[in-house]
Number of protein chains: 2
Amino acid sequence: MGKQKRVFEDELLFFRALADYTRLRLLNLMGTDEVCVCFFVEVLKINQPKISRHLAYLRRAGVVEARREGKWMHYRIIEPRDPRAAKIFKEVRAWLNEDADMQRDRERLAKVCCAPQPPLQLRRAPRPASLVA
Amino acid sequence: MGKQKRVFEDELLFFRALADYTRLRLLNLMGTDEVCVCFFVEVLKINQPKISRHLAYLRRAGVVEARREGKWMHYRIIEPRDPRAAKIFKEVRAWLNEDADMQRDRERLAKVCCAPQPPLQLRRAPRPASLVA
DNA sequence: ACTTCATATTCGCTTTAGCGAATGTGTTGA
DNA sequence: TCAACACATTCGCTAAAGCGAATATGAAGT
(Lines give C-alpha, C1' and ligand atoms only; values in the text may rest on other atoms or scores of the structure.)
Protein backbone atom coordinates (compact mmCIF):
# COMPACT_ATOMS: atom_id res chain seq x y z
CA MET A 1 0.00 0.00 0.00
CA GLY A 2 1.25 3.49 -0.94
CA LYS A 3 1.66 6.67 1.02
CA GLN A 4 -1.32 7.77 3.07
CA LYS A 5 -3.67 10.26 1.41
CA ARG A 6 -2.99 13.75 2.68
CA VAL A 7 -5.44 14.63 5.40
CA PHE A 8 -8.49 16.80 4.57
CA GLU A 9 -7.16 17.45 1.09
CA ASP A 10 -10.51 17.52 -0.77
CA GLU A 11 -12.08 19.84 1.75
CA LEU A 12 -9.14 22.23 1.52
CA LEU A 13 -9.28 22.19 -2.27
CA PHE A 14 -12.93 23.19 -2.00
CA PHE A 15 -12.24 26.10 0.34
CA ARG A 16 -9.26 27.26 -1.67
CA ALA A 17 -11.45 27.32 -4.77
CA LEU A 18 -13.61 29.90 -2.99
CA ALA A 19 -10.67 32.00 -1.81
CA ASP A 20 -10.03 33.88 -5.05
CA TYR A 21 -11.90 36.82 -6.49
CA THR A 22 -11.74 35.76 -10.13
CA ARG A 23 -13.07 32.30 -9.30
CA LEU A 24 -15.96 33.76 -7.32
CA ARG A 25 -16.80 36.00 -10.26
CA LEU A 26 -16.83 33.01 -12.59
CA LEU A 27 -19.10 31.05 -10.26
CA ASN A 28 -21.36 34.06 -10.03
CA LEU A 29 -21.78 34.28 -13.80
CA MET A 30 -22.65 30.58 -13.92
CA GLY A 31 -25.31 31.17 -11.29
CA THR A 32 -28.29 30.48 -13.52
CA ASP A 33 -26.97 28.19 -16.24
CA GLU A 34 -23.96 27.20 -18.33
CA VAL A 35 -21.81 29.89 -19.90
CA CYS A 36 -19.39 29.77 -22.81
CA VAL A 37 -15.74 30.64 -22.10
CA CYS A 38 -15.71 33.51 -24.57
CA PHE A 39 -18.42 35.28 -22.56
CA PHE A 40 -16.35 35.13 -19.40
CA VAL A 41 -13.48 36.71 -21.29
CA GLU A 42 -15.68 39.47 -22.68
CA VAL A 43 -17.72 40.24 -19.58
CA LEU A 44 -14.91 40.18 -17.04
CA LYS A 45 -12.35 41.76 -19.41
CA ILE A 46 -9.81 39.16 -18.32
CA ASN A 47 -7.46 37.42 -20.75
CA GLN A 48 -8.41 33.97 -21.93
CA PRO A 49 -5.58 31.89 -20.41
CA LYS A 50 -6.37 33.30 -16.98
CA ILE A 51 -10.04 32.45 -17.37
CA SER A 52 -9.22 28.91 -18.50
CA ARG A 53 -6.79 28.33 -15.66
CA HIS A 54 -9.33 29.37 -13.05
CA LEU A 55 -12.05 27.27 -14.67
CA ALA A 56 -9.69 24.29 -14.56
CA TYR A 57 -9.15 24.96 -10.87
CA LEU A 58 -12.88 25.00 -10.21
CA ARG A 59 -13.22 21.76 -12.10
CA ARG A 60 -10.50 20.06 -10.07
CA ALA A 61 -12.28 21.26 -6.95
CA GLY A 62 -15.43 19.51 -8.15
CA VAL A 63 -17.73 22.52 -8.32
CA VAL A 64 -18.10 22.96 -12.09
CA GLU A 65 -18.11 20.74 -15.16
CA ALA A 66 -17.51 21.41 -18.84
CA ARG A 67 -19.38 20.50 -22.01
CA ARG A 68 -18.00 20.80 -25.50
CA GLU A 69 -20.09 22.19 -28.34
CA GLY A 70 -18.00 22.25 -31.48
CA LYS A 71 -15.19 24.70 -30.90
CA TRP A 72 -16.82 26.09 -27.81
CA MET A 73 -16.71 25.03 -24.20
CA HIS A 74 -19.56 25.62 -21.79
CA TYR A 75 -19.07 25.54 -18.04
CA ARG A 76 -21.77 25.00 -15.49
CA ILE A 77 -21.99 24.65 -11.75
CA ILE A 78 -22.44 21.18 -10.29
CA GLU A 79 -23.18 19.99 -6.76
CA PRO A 80 -20.08 18.98 -4.84
CA ARG A 81 -20.17 15.26 -4.04
CA ASP A 82 -19.90 15.75 -0.28
CA PRO A 83 -23.33 16.82 1.00
CA ARG A 84 -21.76 19.17 3.54
CA ALA A 85 -19.79 20.87 0.82
CA ALA A 86 -22.91 21.02 -1.32
CA LYS A 87 -24.82 22.83 1.40
CA ILE A 88 -22.03 25.30 1.99
CA PHE A 89 -21.67 25.85 -1.73
CA LYS A 90 -25.36 26.70 -2.02
CA GLU A 91 -24.99 29.30 0.69
CA VAL A 92 -21.95 30.78 -0.99
CA ARG A 93 -23.83 31.14 -4.25
CA ALA A 94 -26.71 32.83 -2.46
CA TRP A 95 -24.19 35.23 -0.97
CA LEU A 96 -22.75 36.04 -4.38
CA ASN A 97 -26.26 36.56 -5.64
CA GLU A 98 -26.82 39.31 -3.07
CA ASP A 99 -23.56 41.15 -3.57
CA ALA A 100 -23.79 44.42 -5.50
CA ASP A 101 -20.57 43.98 -7.49
CA MET A 102 -21.54 40.47 -8.47
CA GLN A 103 -24.93 41.71 -9.57
CA ARG A 104 -23.21 44.22 -11.86
CA ASP A 105 -21.23 41.39 -13.45
CA ARG A 106 -24.42 39.48 -14.12
CA GLU A 107 -26.02 42.53 -15.67
CA ARG A 108 -23.03 42.93 -17.95
CA LEU A 109 -23.39 39.31 -19.02
CA ALA A 110 -27.08 39.84 -19.82
CA LYS A 111 -26.24 42.99 -21.74
CA VAL A 112 -23.45 41.49 -23.83
CA CYS A 113 -25.54 38.44 -24.42
CA CYS A 114 -28.68 40.10 -25.69
CA ALA A 115 -27.16 43.01 -27.54
CA PRO A 116 -28.45 43.32 -31.16
CA GLN A 117 -24.82 43.95 -32.22
CA PRO A 118 -22.65 41.77 -30.01
CA PRO A 119 -18.89 42.46 -29.90
CA LEU A 120 -16.94 41.01 -32.82
CA GLN A 121 -15.48 38.10 -30.88
CA LEU A 122 -18.93 36.88 -29.91
CA ARG A 123 -20.78 37.16 -33.24
CA ARG A 124 -21.06 33.41 -33.67
CA ALA A 125 -20.77 32.24 -30.06
CA PRO A 126 -23.59 30.21 -28.53
CA ARG A 127 -25.45 32.29 -25.95
CA PRO A 128 -26.41 31.20 -22.43
CA ALA A 129 -29.81 29.55 -22.85
CA SER A 130 -31.67 31.39 -20.10
CA LEU A 131 -30.71 34.81 -21.40
CA VAL A 132 -31.91 34.55 -24.96
CA ALA A 133 -35.56 33.91 -24.08
CA MET B 1 -12.64 60.75 -0.55
CA GLY B 2 -9.76 58.25 -0.66
CA LYS B 3 -9.13 55.20 -2.75
CA GLN B 4 -12.06 52.85 -3.21
CA LYS B 5 -12.18 49.94 -0.82
CA ARG B 6 -10.96 46.83 -2.57
CA VAL B 7 -13.89 44.85 -3.85
CA PHE B 8 -15.15 41.83 -1.90
CA GLU B 9 -12.15 42.02 0.43
CA ASP B 10 -13.92 40.98 3.65
CA GLU B 11 -15.57 38.00 2.00
CA LEU B 12 -12.26 36.84 0.57
CA LEU B 13 -10.56 37.20 3.95
CA PHE B 14 -13.26 34.96 5.36
CA PHE B 15 -12.81 32.26 2.71
CA ARG B 16 -9.04 32.43 2.96
CA ALA B 17 -9.30 31.89 6.68
CA LEU B 18 -10.96 28.55 5.92
CA ALA B 19 -8.42 27.54 3.28
CA ASP B 20 -5.69 26.32 5.63
CA TYR B 21 -5.49 23.04 7.49
CA THR B 22 -3.97 24.43 10.69
CA ARG B 23 -6.64 27.10 10.94
CA LEU B 24 -9.41 24.54 10.46
CA ARG B 25 -7.88 22.42 13.21
CA LEU B 26 -7.84 25.43 15.53
CA LEU B 27 -11.47 26.22 14.78
CA ASN B 28 -12.35 22.60 15.38
CA LEU B 29 -10.78 22.61 18.85
CA MET B 30 -12.73 25.74 19.73
CA GLY B 31 -15.92 24.01 18.66
CA THR B 32 -17.49 23.80 22.08
CA ASP B 33 -15.90 26.66 24.02
CA GLU B 34 -12.87 28.85 24.50
CA VAL B 35 -9.44 27.23 24.60
CA CYS B 36 -6.13 28.47 25.98
CA VAL B 37 -3.24 28.90 23.51
CA CYS B 38 -1.01 26.46 25.38
CA PHE B 39 -3.53 23.67 24.77
CA PHE B 40 -3.45 24.24 21.02
CA VAL B 41 0.33 23.94 21.14
CA GLU B 42 0.21 20.74 23.15
CA VAL B 43 -2.66 19.00 21.35
CA LEU B 44 -1.64 19.83 17.79
CA LYS B 45 2.11 19.48 18.49
CA ILE B 46 2.71 22.69 16.57
CA ASN B 47 5.16 25.35 17.73
CA GLN B 48 3.77 28.34 19.54
CA PRO B 49 4.55 31.15 17.05
CA LYS B 50 2.77 29.26 14.32
CA ILE B 51 -0.30 28.79 16.51
CA SER B 52 -0.33 32.47 17.44
CA ARG B 53 0.04 33.61 13.85
CA HIS B 54 -2.89 31.51 12.70
CA LEU B 55 -5.03 32.65 15.61
CA ALA B 56 -4.24 36.25 14.68
CA TYR B 57 -5.34 35.47 11.14
CA LEU B 58 -8.63 34.05 12.34
CA ARG B 59 -9.14 37.12 14.47
CA ARG B 60 -8.55 39.48 11.56
CA ALA B 61 -11.06 37.44 9.57
CA GLY B 62 -13.63 38.07 12.30
CA VAL B 63 -14.32 34.46 13.26
CA VAL B 64 -12.64 34.27 16.68
CA GLU B 65 -11.96 36.61 19.56
CA ALA B 66 -9.46 36.56 22.41
CA ARG B 67 -9.78 37.03 26.16
CA ARG B 68 -6.88 37.58 28.51
CA GLU B 69 -6.70 35.80 31.87
CA GLY B 70 -3.51 36.80 33.57
CA LYS B 71 -0.65 35.45 31.51
CA TRP B 72 -2.95 33.27 29.45
CA MET B 73 -4.98 33.97 26.36
CA HIS B 74 -8.22 32.18 25.57
CA TYR B 75 -9.66 32.07 22.07
CA ARG B 76 -13.25 31.40 21.18
CA ILE B 77 -15.34 31.29 18.07
CA ILE B 78 -17.63 34.24 17.34
CA GLU B 79 -20.34 34.75 14.75
CA PRO B 80 -19.14 36.62 11.68
CA ARG B 81 -20.92 39.97 11.37
CA ASP B 82 -22.35 39.24 7.94
CA PRO B 83 -25.34 36.92 8.34
CA ARG B 84 -24.46 35.04 5.13
CA ALA B 85 -20.95 34.42 6.41
CA ALA B 86 -22.40 33.38 9.77
CA LYS B 87 -24.58 30.76 8.15
CA ILE B 88 -21.75 29.39 6.05
CA PHE B 89 -19.48 29.36 9.07
CA LYS B 90 -21.99 27.29 11.03
CA GLU B 91 -22.07 24.73 8.22
CA VAL B 92 -18.30 24.61 8.08
CA ARG B 93 -18.12 23.91 11.80
CA ALA B 94 -20.69 21.16 11.46
CA TRP B 95 -18.54 19.67 8.72
CA LEU B 96 -15.47 19.75 10.93
CA ASN B 97 -17.49 18.15 13.66
CA GLU B 98 -18.21 15.15 11.43
CA ASP B 99 -14.70 14.62 10.12
CA ALA B 100 -12.81 11.68 11.60
CA ASP B 101 -9.42 13.41 11.85
CA MET B 102 -10.98 16.42 13.48
CA GLN B 103 -12.73 14.18 15.95
CA ARG B 104 -9.36 12.67 16.89
CA ASP B 105 -8.01 16.15 17.60
CA ARG B 106 -10.92 16.86 19.88
CA GLU B 107 -10.38 13.60 21.71
CA ARG B 108 -6.75 14.49 22.23
CA LEU B 109 -7.82 17.83 23.68
CA ALA B 110 -10.18 16.12 26.08
CA LYS B 111 -7.49 13.65 27.08
CA VAL B 112 -4.77 16.22 27.68
CA CYS B 113 -7.22 18.38 29.50
CA CYS B 114 -8.57 15.86 31.95
CA ALA B 115 -5.40 13.85 32.57
CA PRO B 116 -4.60 13.45 36.31
CA GLN B 117 -0.97 14.26 35.45
CA PRO B 118 -1.04 16.84 32.66
CA PRO B 119 2.18 17.52 30.72
CA LEU B 120 4.64 19.83 32.45
CA GLN B 121 3.84 22.87 30.32
CA LEU B 122 0.18 22.71 31.26
CA ARG B 123 0.39 22.09 35.04
CA ARG B 124 -0.95 25.53 35.89
CA ALA B 125 -2.88 26.36 32.73
CA PRO B 126 -6.60 27.09 32.95
CA ARG B 127 -8.60 24.28 31.39
CA PRO B 128 -11.47 24.61 28.90
CA ALA B 129 -14.57 24.97 31.06
CA SER B 130 -16.72 22.35 29.40
CA LEU B 131 -14.09 19.63 29.71
CA VAL B 132 -13.44 19.79 33.45
CA ALA B 133 -16.99 18.94 34.46
C1' DA C 1 13.31 46.44 39.91
C1' DC C 2 14.06 42.01 38.22
C1' DT C 3 12.84 37.40 36.66
C1' DT C 4 9.77 34.16 34.81
C1' DC C 5 6.19 32.73 32.14
C1' DA C 6 2.67 32.84 28.27
C1' DT C 7 1.96 34.77 24.17
C1' DA C 8 2.71 38.02 20.13
C1' DT C 9 5.51 39.80 16.58
C1' DT C 10 9.47 40.29 13.55
C1' DC C 11 12.97 38.47 10.41
C1' DG C 12 14.93 35.97 6.73
C1' DC C 13 13.90 32.21 4.04
C1' DT C 14 11.22 28.62 1.25
C1' DT C 15 7.19 27.29 -0.94
C1' DT C 16 3.07 28.05 -3.33
C1' DA C 17 -0.16 30.76 -6.10
C1' DG C 18 -1.11 33.70 -9.70
C1' DC C 19 0.20 36.16 -13.74
C1' DG C 20 0.99 37.39 -19.07
C1' DA C 21 3.16 35.66 -23.11
C1' DA C 22 3.91 31.95 -25.89
C1' DT C 23 2.66 27.57 -27.48
C1' DG C 24 -0.16 23.28 -27.90
C1' DT C 25 -4.64 20.81 -28.88
C1' DG C 26 -8.84 19.72 -30.94
C1' DT C 27 -12.62 21.22 -34.04
C1' DT C 28 -14.58 23.32 -38.07
C1' DG C 29 -14.84 24.72 -42.65
C1' DA C 30 -12.44 25.64 -47.18
C1' DT D 1 -4.88 18.86 -46.01
C1' DC D 2 -4.62 23.30 -44.40
C1' DA D 3 -6.01 27.51 -42.25
C1' DA D 4 -8.82 29.64 -38.77
C1' DC D 5 -10.80 29.48 -34.51
C1' DA D 6 -11.77 28.51 -29.41
C1' DC D 7 -9.77 26.98 -25.75
C1' DA D 8 -6.09 24.56 -22.79
C1' DT D 9 -1.53 24.23 -21.19
C1' DT D 10 3.28 25.42 -20.48
C1' DC D 11 6.95 28.61 -19.27
C1' DG D 12 9.43 31.93 -16.75
C1' DC D 13 8.62 35.35 -13.58
C1' DT D 14 6.59 38.01 -9.48
C1' DA D 15 4.02 38.28 -5.42
C1' DA D 16 2.01 36.33 -1.47
C1' DA D 17 1.67 32.82 2.17
C1' DG D 18 3.66 30.02 5.38
C1' DC D 19 7.47 28.57 8.08
C1' DG D 20 11.10 28.17 12.26
C1' DA D 21 14.20 30.90 14.91
C1' DA D 22 14.86 34.88 17.33
C1' DT D 23 13.06 38.67 19.72
C1' DA D 24 9.51 41.73 21.85
C1' DT D 25 5.59 42.42 25.02
C1' DG D 26 2.99 42.23 29.03
C1' DA D 27 1.35 40.15 33.33
C1' DA D 28 2.77 37.91 37.91
C1' DG D 29 5.52 36.73 41.44
C1' DT D 30 9.81 37.82 44.24
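Predicted, not measured: the structure shown is a model, and the values here were computed from it. Per chain, numbering begins at 1; letters A, B, ... match sequence-line order.
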hydrophobic_cluster_shared for A:Leu96 and B:Leu13, side chain cutoff 4.5 Å: no
Test salt bridge (Lys or Arg N to Asp or Glu O under 4.0 Å) applied to B:Asp105 - qualifying residues, sequence neighbours left out: B:Arg25
Separation of C:dC19 P from A:Arg53 CZ (nearest whole Å): 7 Å
Between P of D:dA6 and CZ of A:Phe40, the distance in whole Å: 16 Å
Atom-pair distance (CG on B:Leu12; P on C:dA17), nearest Å: 16 Å
Side chains of B:Met30 and B:Phe40 in contact at under 4.5 Å (non-hydrogen atoms): yes
Contact nearer the 5' end of DNA chain C, comparing A:Gly70 with A:Asn47: A:Asn47
Exercise answer: donor-acceptor pairs, residues 49-60 of chain A side-chain atoms, under 3.5 Å, sequence neighbours excluded:
from	atom 1	to	atom 2	distance (Å)
A:Ser52	OG	A:Gln48	NE2	3.1
A:His54	ND1	A:Arg23	NH1	3.2

Value in whole Å for how far the P atom of D:dT9 lies from CD1 of A:Ile51: 15 Å
Euclidean distance, atom CZ of residue B:Arg59 to atom P of C:dT7 [Å, nearest integer]: 13 Å
Sorted by number, the residues of residues 13-27 of chain A with heavy-atom contact under 4.0 Å to DNA chain D: none
Proximity to the side chain of A:Trp72 - top-ranked nucleotide from D:dA6, C:dT10, C:dG20: D:dA6
Side chain of B:Lys50 - closest among D:dA8, D:dC19, D:dT9: D:dC19
Where A:Leu18 and B:Leu12 come nearest, the two heavy atoms and their spacing: O-CD2, 4.1 Å
B:Thr22 OG1 to B:Asp20 CG distance, which is reported to the nearest 0.5 Å: 5.0 Å
Separation of D:dA6 P from A:Glu42 CD (nearest whole Å): 12 Å
Backbone N/O of A:Gly31 and side chain of A:Arg93: donor-acceptor pair under 3.5 Å: yes
Expected output: side-chain B:Arg106 to main-chain B:Thr32 donor-acceptor under 3.5 Å: no
With 3.5 Å as the limit, what N/O pairs link the protein to nucleotides 22-26 of chain C?
none

Electrostatic pair B:Lys90:B:Glu79 at N-O distance under 4.0 angstrom: yes
Integer-rounded Å distance: D:dC19 C1' and B:Tyr57 OH: 15 Å
Taking every non-hydrogen atom, the tightest pair across A:Leu29 and A:Val35: O-CG2, 3.5 Å
Those residues that, when tested against A:Asp82, pass side chain to side chain contact (heavy atoms under 4.5 Å, CB included) (two or more places apart): A:Arg84, A:Ala85, B:Trp95
Selected nucleotide, minimal atom distance to B:His54 side chain, candidates D:dG18, D:dA8, C:dG20: D:dG18
Side-chain N,O (B:Tyr75) to OP1/OP2 (C:dA8) below 4.0 Å: yes
Tabulate atom names and distances for all N/O pairs under 3.5 angstrom spanning the protein and nucleotides 12-15 of chain D.
none

Value in whole Å for how far the C1' atom of C:dT27 lies from CE of A:Met73: 12 Å
Salt bridge (charged side-chain N to carboxylate O under 4.0 Å, His left out) between A:Arg16 and A:Glu9, worked out: CA-CA 10 Å; A:Arg16 281 196 266 260; A:Glu9 208 55 25; 3.8 Å; yes
